[in-house]
Amino acid sequence: AESNGDQYEKALPIAKLLIEKGYQNATIYRLAGIASLETEQFDDARKFLKFAEANNALDVETQSQLGDVDQAIDTRKALW
């Protein structure tokens, strides 16, 4: 069975490609942000999650897990 990490690693290039091609769906940015965070690509995570947050695309689960996006990323970065 695949771990979540494997799924994030597979999903991230697809999400990034959609974003690079101009697909402005904020949910894609949320998913790319979570995948970036889980694969320790913190700068991308911050950029994608901030876009999602600004466009009201952070779902309740993501908001409750992250709280403040910058603080959550800085905390993860420090632990890494």
Side-chain angles (χ1 to χ4, degrees):
E2 289 186 36
S3 70
N4 282 345
D6 292 338
Q7 292 174 349
Y8 290 124
E9 286 179 18
K10 287 182 179 180
L12 188 54
I14 298 166
K16 282 185 172 181
L17 181 63
L18 288 169
I19 290 167
E20 286 170 14
K21 296 292 182 185
Y23 193 65
Q24 292 292 304
N25 182 309
T27 300
I28 295 297
Y29 279 78
R30 175 176 57 85
L31 297 172
I34 293 167
S36 296
L37 187 61
E38 294 297 329
T39 57
E40 297 162 347
Q41 297 178 39
F42 300 111
D43 292 338
D44 283 345
R46 190 181 313 271
K47 176 176 61 179
F48 297 145
L49 289 169
K50 285 291 196 179
F51 182 93
E53 184 177 51
N55 289 279
N56 299 314
L58 293 186
D59 60 346
V60 174
E61 182 182 347
T62 303
Q63 282 182 321
S64 68
Q65 286 178 351
L66 291 178
D68 177 73
V69 169
D70 286 318
Q71 186 177 352
I73 291 170
D74 291 342
T75 300
R76 283 277 184 103
K77 222 175 184 177
L79 294 173
W80 186 66

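Both Val69 and Tyr8 are assigned to one and the same hydrophobic cluster, defined by single-linkage of ILVMFWY side chains at heavy-atom distances under 4.5 Å. Residues Leu18 and Phe48 share a single hydrophobic cluster, defined by chaining ILVMFWY side chains whose heavy atoms lie under 4.5 Å apart. Note on Phe42: it clusters hydrophobically with Leu58, by side-chain heavy-atom contacts below 4.5 Å among ILVMFWY residues.
Between Leu37 and Asp44 the shortest side-chain heavy-atom distance does not fall below 4.5 Å. Inter-residue side-chain proximity for Lys50 and Asp70 is flagged as met; some heavy-atom pair is nearer than 4.5 Å. Between Leu17 and Lys21 there is a side-chain heavy-atom pair separated by less than 4.5 Å. Side-chain contact check for Tyr29 versus Ile19: some heavy-atom pair is nearer than 4.5 Å.
The nearest pair of heavy atoms linking Leu49 to Gly33 is CG-CA, 3.7 Å. Among all heavy-atom pairs drawn from Ala26 and Asn55, the shortest one is CB-CB, 3.7 Å.
One distance of note links OG1 of Thr62 with CD1 of Ile34; it measures 3.5 Å at 0.5 Å rounding. Between Gln63 atom CD and Asp59 atom CG the span is 7.5 Å, to the nearest 0.5 Å.
In this structure, Asn25 contributes its side chain and Thr27 its backbone to a donor-acceptor pair below 3.5 Å. Side-chain atoms of Arg30 do not come within 3.5 Å of backbone N or O of Ala52 as any donor-acceptor pair.
Looking at Asp43 and Lys77, a side-chain N of the basic residue comes within less than 4.0 Å of a carboxylate O on the acidic one, giving a salt bridge. Salt-bridge check for Arg76 with Glu38: passed, with a basic side-chain N closer than 4.0 Å to an acidic carboxylate O.
A donor-acceptor pair shorter than 3.5 Å cannot be found between the side chains of Gln41 and Lys47.
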